[in-house]
Amino acid sequence: MPTYPVKNLKTGEEKELSMSMKSYDTWRKENPDWDKDWSKGVAGVGEVGEFQDKLAKTHPGWTDVLNKADKTGGISGRLSKRGVGMTGNAFVED
């Protein structure tokens, strides 16, 4: 669920809302004295960083999965085993 730091433009009161984007849009229309507090930034601290690093820390086996996937070469690796090459977006028979 997204969180929205908001600030009252008249009183300076600050709070954080946790709701869907649609609900937030409705809330904003019903509360014109409140606006997003842009000084808090646009992304939470938990949203910064590479997903591979996060997964490797929380799920120790994830690094092995990534290494195996890297060795297979993706779709080009599977196709080359069948004798089919790739050039750009087109498949070329060898």
Side-chain angles (χ1 to χ4, degrees):
M1 187 72 56
T3 56
Y4 303 94
V6 293
K7 187 174 186 177
N8 188 303
L9 301 174
K10 292 182 178 179
T11 66
E13 179 187 354
E14 297 178 0
K15 62 181 172 181
E16 190 170 276
L17 305 173
S18 179
M19 58 181 63
S20 69
M21 189 177 225
K22 184 177 180 178
S23 297
Y24 175 69
D25 187 48
T26 303
W27 183 88
R28 282 272 296 125
K29 290 174 184 171
E30 294 171 354
N31 297 279
D33 292 342
W34 290 83
D35 194 15
K36 180 162 176 27
D37 188 356
W38 294 101
S39 69
K40 304 292 184 198
V42 293
V45 175
E47 300 299 320
V48 178
E50 294 293 327
F51 74 93
Q52 291 99 336
D53 295 338
K54 291 180 190 178
L55 286 171
K57 289 177 185 173
T58 57
H59 300 85
W62 183 245
T63 303
D64 297 331
V65 172
L66 290 175
N67 288 336
K68 288 178 185 176
D70 190 37
K71 288 178 185 176
T72 63
I75 192 166
S76 59
R78 291 191 302 273
L79 290 174
S80 67
K81 289 178 185 175
R82 296 181 185 164
V84 178
M86 283 182 54
T87 60
N89 291 331
F91 297 103
V92 180
E93 293 289 333
D94 289 339

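Residues take their numbers from the sequence shown, with the count starting at 1.
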*Say whether Trp34 and Met21 are linked into one hydrophobic cluster, either directly or through other cluster members, by side-chain heavy-atom distances under 4.5 angstrom.*
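Same hydrophobic cluster.
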*Can you measure from CZ (Arg28) to CG (Asp33) and round to the nearest 0.5 angstrom?*
10.0 Å
*Close side-chain approach of Glu14 and Lys40, heavy atoms under 4.5 Å*: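 Side chain of Glu14 against side chain of Lys40, heavy atoms only: contact under 4.5 Å found.
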Return a table of donor-acceptor pairs under 3.5 angstrom between the side chains of residues 1-11 and protein atoms on other chains or two or more places apart.
unit_1 : atom_1 : unit_2 : atom_2 : d
Asn8   : OD1    : Lys10  : N      : 2.8
Asn8   : OD1    : Thr11  : N      : 3.1
Thr11  : OG1    : Glu13  : N      : 3.2

*asked:* If you apply the rule salt bridge (charged side-chain N to carboxylate O under 4.0 Å, His left out), what do you find for Lys29 with Asp25, and how did you get there?
replied: CA-CA 6 Å; Lys29 290 174 184 171; Asp25 187 48; 3.3 Å; yes
